[in-house]
2 protein chains.
Amino acid sequence: MDRVDIKRLAEKLNLSTSTVSRAFRGNSDINPETKARILSMAKEFNYQPNHYASNLRDKKSNTIAIIVPELANNFFSQAIHGIERVAREKGYYTLIYVTDDEYEKEVMFIEKLYNGRVDGIIMSVSGEANDHAYLNKRGAKSIPLVFFDRVYDDIDVPKVTTDDYTSSFDGTLHLIEGGCKKIAFLVVNKSLSIGNIRMQGYRDALKDAGIPFDERLVIDCSNDYSKNYGILTEMLREQRPDGLFASVERLAISSYYVCHDLGIRIPEDIKIVSFSSLEIASLLNPALSTITQPAYDLGTNAAELLFKTLEGKTEVKDHIVLSSKLIPRKSSVVV
Amino acid sequence: MDRVDIKRLAEKLNLSTSTVSRAFRGNSDINPETKARILSMAKEFNYQPNHYASNLRDKKSNTIAIIVPELANNFFSQAIHGIERVAREKGYYTLIYVTDDEYEKEVMFIEKLYNGRVDGIIMSVSGEANDHAYLNKRGAKSIPLVFFDRVYDDIDVPKVTTDDYTSSFDGTLHLIEGGCKKIAFLVVNKSLSIGNIRMQGYRDALKDAGIPFDERLVIDCSNDYSKNYGILTEMLREQRPDGLFASVERLAISSYYVCHDLGIRIPEDIKIVSFSSLEIASLLNPALSTITQPAYDLGTNAAELLFKTLEGKTEVKDHIVLSSKLIPRKSSVVV
DNA sequence: TTGTAAGCGTTATCAA
DNA sequence: TTGATAACGCTTACAA
């Protein structure tokens, strides 16, 4: 009554297990009629070859892992969507891991994965810590890895990112052109490559405009909403900037809350631009000017890079860079 | 150099594989010193017991599947978060599947899963079709299933939902009390239990208030944004309702776009209430009145129900109902 | 075209 | 406390 396995199916059909097995693999020689008979019986009994047995035999899991810092975020859900499309096409399963931006979880996930559970890993790093050595340990090398968006520069694997420098430069320039003289830069972890590069774009745009860089306007935030609320409230009170460049969506959101509560008007008193994949950016009060990354494409590109490596096509050490789009909306434009 | 397996480890340690294996299971008798030796060597070589071999042996995958209609949606990301917390505590992996609201994918996923890949399934159904028979096929019964939020009533498995009837009733009442006389009900699939129950709450609230039910005000939408834009534009032009009850978040979003474009003022011309887990509902223009479901708790409850079944504690056929919260904001309140 | 048999890496049982 | 062995379900050489 329970699970039907290949043996039972073979018995019922008066065939050997090998013949039955052959019906399920594409390549092997098998009489079309026999194959049809087998498949129809398999269907009737709802038989599916046991995944674990096949994988043990083949030393191949047909599964890839996706590791992201968070799920409740349009950027990552879109990227995952992209990865999954490609994976599905290739007949692969996807296993999703969420680190909640905790370095320990990231390490734990990766180390666990050395058990052969997956054939490859696509990751956007948490970046909470600076020790990436765990990725170089014995065993690590045996499983292909691809980074997307948030990467560790010192780890030599294929990467897919966006043109963070250019778009940060442009976003900052947009604020300057709007008349901002004192622009704060909001970042979560400026030592993480992404924060770092984005800050560089910001700095250079200021420089080009002859605005001196002021360390006090670089605001190091956290991933915690209530902490950020405090940090931003203090900053807005003390520094009174007239522009805000949020290097991460959640910091723009927090800024909105703080501005609303402090009675600071957007964009009249302060203009805001943010990296964001929010689909409803234009419905916010006021509509949020965004730098929008091609999240879905980042996903498909990362997946394709991984599969290339998996298929041994090349020893890929590529770094693909896609372009983001600056979409000015009301938060940075006085009408 | 490659993968280290238990045999290699045993050789290096001059022990048998069984002894090495014992070092990794909690129960077995083993000399503490030997165990320590084994574990330290395992650590050095980054050894992890092969997942597929263990699972084949044990006929147990320590994995559960989560099947949801979409990912880019706070409700589901929060629910998944809840499920994962519980799963992690129990030492289980989670496999996430996204159906994109397509019935075929749902069926395909489930049928694939009969291959022993997972020990249990937690699903929020797509509800695109009305044939749920595939869940009763041979093999289906062998793998425990729990529904959450979007369920098939005719399938007898444990379920976790929210008090959809009551909150729809209350949400509609809220609009009526705000002076609405002509309230449209926006739904994606009214034959799906969730749409059906929510509509019942809406109908009964109207009835209580002595407002006649009008079939033309029940708007059957799709999952496609641009289609919905058309549907809603037409409806708003022709019916000119003064209230909108969105049974699903995305329909409220579309309504906002349409209202903005048609110059219909919210809440002056039309008041809106929507089921929604949007964290930034209060930042919208205008702030959106929501019925917010306890998504995270739905997740944890569903997971706990599944694990109860898995642990054979009971032949659970429970239906847990949690309460949502009506949060009136500007979209339904003229100040 | 089909069948036989070995082996994938583990772990539980039994014996030592 | 440790070791030998069989078995989990499947696939693939090789033989028939």
Side-chain angles (χ1 to χ4, degrees), chain A residues 2-39 41-42 45-63 91 112-119 139 142, chain B residues 2-39 41-42 45-63 112-119 139 142-143:
Chain A
D2 272 37
R3 219 53 133 266
V4 185
D5 61 19
I6 202 172
K7 229 185 208 156
R8 293 270 285 273
L9 214 56
E11 277 170 20
K12 285 190 205 293
L13 289 156
N14 261 321
L15 288 169
S16 74
T17 58
S18 31
T19 309
V20 176
S21 174
R22 273 187 270 263
F24 292 95
R25 344 256 87 256
N27 42 350
S28 316
D29 297 322
I30 184 174
N31 184 325
E33 279 177 36
T34 331
K35 180 167 179 175
R37 258 179 69 220
I38 295 171
L39 290 182
M41 170 123 322
F45 284 87
N46 226 320
Y47 167 77
Q48 294 278 350
N50 181 292
H51 186 251
Y52 294 94
S54 310
N55 291 156
L56 177 55
R57 186 54 237 238
D58 291 354
K59 297 175 147 228
K60 195 162 172 312
S61 68
N62 280 294
T63 305
K112 273 269 172 191
L113 287 175
Y114 298 155
N115 65 2
R117 187 122 222 239
V118 299
D119 298 334
S142 62
Chain B
D2 273 36
R3 222 54 133 263
V4 184
D5 62 15
I6 202 171
K7 230 183 204 160
R8 292 274 284 274
L9 215 56
E11 277 169 21
K12 284 191 206 293
L13 290 156
N14 261 319
L15 287 169
S16 73
T17 58
S18 17
T19 307
V20 175
S21 175
R22 270 189 272 264
F24 293 96
R25 344 256 89 256
N27 41 350
S28 314
D29 298 322
I30 185 174
N31 184 324
E33 279 176 34
T34 331
K35 179 165 178 176
R37 258 178 71 219
I38 296 172
L39 291 183
M41 171 123 318
F45 284 87
N46 227 320
Y47 166 75
Q48 294 277 351
N50 182 292
H51 188 250
Y52 292 93
S54 307
N55 291 157
L56 176 57
R57 202 27 253 234
D58 292 354
K59 299 178 141 220
K60 193 163 174 311
S61 68
N62 279 294
T63 305
K112 274 268 173 193
L113 287 175
Y114 298 155
N115 66 2
R117 197 133 210 226
V118 299
D119 298 334
S142 61
I143 185 166

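Remember, it's a predicted structure, so these values are computed and weren't measured experimentally. Naming convention: chains lettered A, B, ... in sequence-line order (proteins, then strands); numbering from 1 in each chain. The basis for the numbers below is simple: all heavy atoms, side chains too, and nothing from hydrogens, waters or symmetry mates.
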* Nearest-Å distance for atom pair CG/P, residues A/Asn50 and D/dC10 -> 5 Å
* A/Lys7 or B/Lys35, whichever maps to the more 5' nucleotide of DNA chain D -> B/Lys35
* Asked: For B/Asn62, does its backbone N or O pair with a side-chain atom of B/Asp119 as donor and acceptor, under 3.5 Å?
  -> yes
* Any chance NZ of B/Lys7 has more than 12 other-residue heavy atoms, nucleotides or ligands included, within less than 6.0 Å? -> no
* Can you find a pair of side-chain heavy atoms, one from A/His51 and one from B/Tyr52, that are under 4.5 Å apart? -> yes
* Could you give the CG-to-C1' distance, from A/Asp29 to C/dG3, as a whole number of Å? -> 14 Å
* Measure across B/Ala10 and B/Thr17 and return the closest heavy-atom pair with its distance rounded to 0.1 Å. => CB-N, 3.8 Å
* To do: Step by step, work out the side-chain contact (heavy atoms from CB on, under 4.5 Å) result for B/Leu15 and B/Thr34.
  => CA-CA 9 Å; B/Leu15 287 169; B/Thr34 331; 3.7 Å; yes
* Asked: In terms of side-chain heavy atoms, does B/Ser18 have a donor or acceptor partner in B/Ser21 at a distance below 3.5 Å?
  -> no
Any protein N or O atoms within reach of nucleotides 3-6 of chain D? Criterion: under 3.5 Å, listing atom names and distances.
residue	atom	partner	partner atom	Å
D/dG3	OP2	B/Ser16	N	3.0
D/dG3	OP2	B/Ser16	OG	3.1
D/dG3	OP2	B/Thr19	OG1	2.5
D/dG3	N7	B/Arg22	NH2	2.6
D/dG3	O6	B/Arg22	NH1	3.3
D/dG3	O6	B/Arg22	NH2	3.3
D/dA4	N7	B/Ser18	OG	3.3
D/dA4	N6	B/Ser18	OG	3.2

* Can you check the A/Leu9 CG to C/dT2 C1' distance for me, whole Å? -> 16 Å
* Is there a donor-acceptor contact under 3.5 Å linking the side chains of B/Arg117 and A/Thr63? -> yes
* Nearest 0.5 Å please: distance from the CG atom of A/Asn14 over to the CZ atom of A/Arg37. => 7.5 Å
* To do: Mind checking A/Asn55 for me? I need base, sugar-phosphate or nothing, with any heavy atom below 4.0 Å counting as a touch.
  => nothing
* Rounded off to whole Å, could you give me the CG-to-C1' distance for the B/Asn62 and C/dT11 pair? => 14 Å
* Which nucleotide in the list C/dG9, C/dT2, C/dT11 gets nearest to the side chain of B/Ser54? -> C/dT11
* Would you kindly give the CZ-to-P distance between A/Arg25 and D/dA13, to the nearest whole Å? => 13 Å
* **Degree of bending, the helix from C/dT1-D/dA16 to C/dA16-D/dT1 (end axes from five pairs; round to 10°)** => 40°
* **Rounded interatomic separation in angstrom, taking CZ from A/Arg8 and C1' from D/dC10** => 16 Å
* **Shortest side-chain distance from A/Ala53, nucleotide among D/dC10, C/dG9, C/dT11** => D/dC10
* Taking CZ from B/Arg117 and P from D/dC10, how many angstroms apart are they, rounded to a whole number? -> 15 Å
* Nearest-Å distance, CG (A/Leu56) to P (D/dC8)? -> 14 Å
* Asked: So, for B/Tyr47 and B/Phe24, is the gap between ring centers shorter than 6.0 Å?
  -> yes
* Asked: Is there a side-chain polar atom (N or O) of B/Tyr47 under 4.0 Å from OP1 or OP2 of C/dT10?
  -> yes
